[in-house]
Amino acid sequence: MKKEVFAWEPWFFITFGLFHLHRIWGLVDRNSYAKFWLKVLENKGVFYFVLMGILGVLCILGIFTFVKNVHRNYWWRWIYLFGGIYLLFDLFAISIGLEFWNKLLLWMFDVTSIYWNIVWSFFILLGGFVLALGIKLLLQKKRQKFYYTDLQN
């Protein structure tokens with residue numbers, strides 16, 4: 001079997017990239033950003049479960065894709081494995097109220113922290129990288145489709 005970029009893969013990275021880029025808000029307005037996300041994490045309402053459900057399903061899909069294609073993976077599919085395991089742990093730790101994880105989250109959302117810009121800038125850079133990767137894969141997928149269509153004619 002050949003290596004192939006599946007139709008959903010660019011959108012996986014584009015979705016996660018855009019999600020990470022929302023953190024620009026945190027650099028612009030620390031207080032409202034922290035207040036919003038701490039409220040979401042404390043209340044665990046519909047928005048929380050829909051968002052976490054979507055992120056969880058995407059991670060499981062990514063891990064499944066990595067495992068299914070273990071001998072013909074692109075380098076970037078390792079992101080599915082490591083990122084997926086991390087995010088699923090994060091979702092699990094939040095859902096059961098793991099104490100050390102809760103302390104870490106409270107530290108991350110401490111608007112007085114001297115590390116605020118470093119922490120959130122890292123996530124923004126990560127989002128930019130993942131978004132760019134998604135766009136690159138979208139273009140690669142279009143080239144693959146064009147190439148395979150051209151071969152059939």
| request: Could you pull out the closest heavy-atom pair between R30 and V111, with the gap in Å? | output: NH1-O, 2.7 Å
| Would you say N73's side chain and F66's backbone share a donor-acceptor pair under 3.5 angstrom? | yes
| query | Going by the angle between their ring planes, with limits at 30° and 60°, are W116 and Y33 parallel, tilted or perpendicular? | reply | perpendicular
| Spatial distance of atom CG (L98) from atom CG (L105) [nearest 0.5 Å] | 10.0 Å
| L137/Y74 under side chain to side chain contact (heavy atoms under 4.5 Å, CB included): CA gap, chis, key distance, verdict | CA-CA 11 Å; L137 294 178; Y74 291 101; over 6 Å; no
| query | Per the side-chain contact (heavy atoms from CB on, under 4.5 Å) rule, which among L55, L133, L21 passes with F16? | reply | L55
| Just wondering, are more than 12 heavy atoms of other shown residues or ligands nearer than 6.0 Å to CZ in F49? | yes
| From CA spacing to verdict: side chain to side chain contact (heavy atoms under 4.5 Å, CB included), K44, M52 | CA-CA 10 Å; K44 292 185 177 72; M52 298 307 149; over 6 Å; no
| field | CA sep, side-chain torsions, deciding dist, call: W11, F6, ring-ring contact (aromatic ring centres under 6.0 Å, His included) | value | CA-CA 10 Å; W11 301 108; F6 300 114; over 10 Å; no
| task | Please say whether more than 12 non-hydrogen atoms of neighbouring residues, nucleotides or ligands are located less than 6.0 Å from NZ in K39. | result | no
| query | What distance do L126 atom CG and S121 atom OG have between them, rounded to the nearest 0.5 Å? | reply | 12.0 Å
| task | Give a yes or no on whether the ring-centroid distance for F82 and Y86 is below 6.0 angstrom. | result | no
| field | Distance, nearest 0.5 Å, that separates CD1 of I85 from CG of L88 | value | 8.0 Å
| request: Look at the side chain of Q144 and the backbone N and O of V5, then say whether any donor-acceptor pair between them is shorter than 3.5 Å. | output: yes
| request: Write down the atom of G134, the atom of P10, and the distance for their closest heavy-atom approach. | output: O-CB, 3.4 Å
| Do Y80 and F13 have their ring centres less than 6.0 Å from each other? | yes
| query | Would one find more than 12 heavy atoms of other residues, nucleotides or ligands at under 6.0 Å from atom CZ of F64? | reply | no
| task | Indicate, with yes or no, if V57 and V50 share a hydrophobic cluster defined by side-chain heavy-atom contacts under 4.5 Å among Ile, Leu, Val, Met, Phe, Trp and Tyr. | result | no
| Are L58 and L87 close enough, and set up right, to give a side chain to side chain contact (heavy atoms under 4.5 Å, CB included), and what steps lead you there? | CA-CA 10 Å; L58 287 173; L87 186 62; over 6 Å; no
| task | Fit a plane to each ring of W120 and F109, take the angle between them on a 0 to 90° scale, and name the class: parallel (under 30°), tilted (30 to 60°) or perpendicular (over 60°). | result | tilted
| request: Determine, stepwise, if the pair W37 / M108 fulfils side chain to side chain contact (heavy atoms under 4.5 Å, CB included). | output: CA-CA 11 Å; W37 282 108; M108 288 174 66; over 6 Å; no
| said: With rounding to the nearest 0.5 angstrom, report the CD1 to CG distance, I96 to N102. | reply: 11.0 Å
| field | Atom pair CH2/NZ of W8 and K141 - distance to nearest 0.5 Å | value | 11.5 Å
| Can you say whether the rings of H22 and F19 are parallel (under 30°), tilted (30 to 60°) or perpendicular (over 60°)? | tilted
| note | Separation between CG (L41) and OG (S95), nearest 0.5 Å, reads 11.5 Å
| field | F129 with L125, same ILVMFWY side-chain cluster at under 4.5 Å | value | no
| Should the ring pair W107 and Y115 be called parallel, tilted or perpendicular, given that the plane angle runs from 0 to 90° and is split at 30 and 60? | tilted
| Should V119 and F100 be regarded as members of a common hydrophobic cluster, given that ILVMFWY residues are connected when their side-chain heavy atoms come within less than 4.5 Å of each other, either directly or indirectly? | yes
| field | Heavy-atom check, side chain of W25 versus side chain of D29, under 4.5 Å | value | yes
| query | With a cut-off of 6.0 Å (strictly less than), are more than 12 heavy atoms of other residues, nucleotides or ligands near CH2 of W78? | reply | no
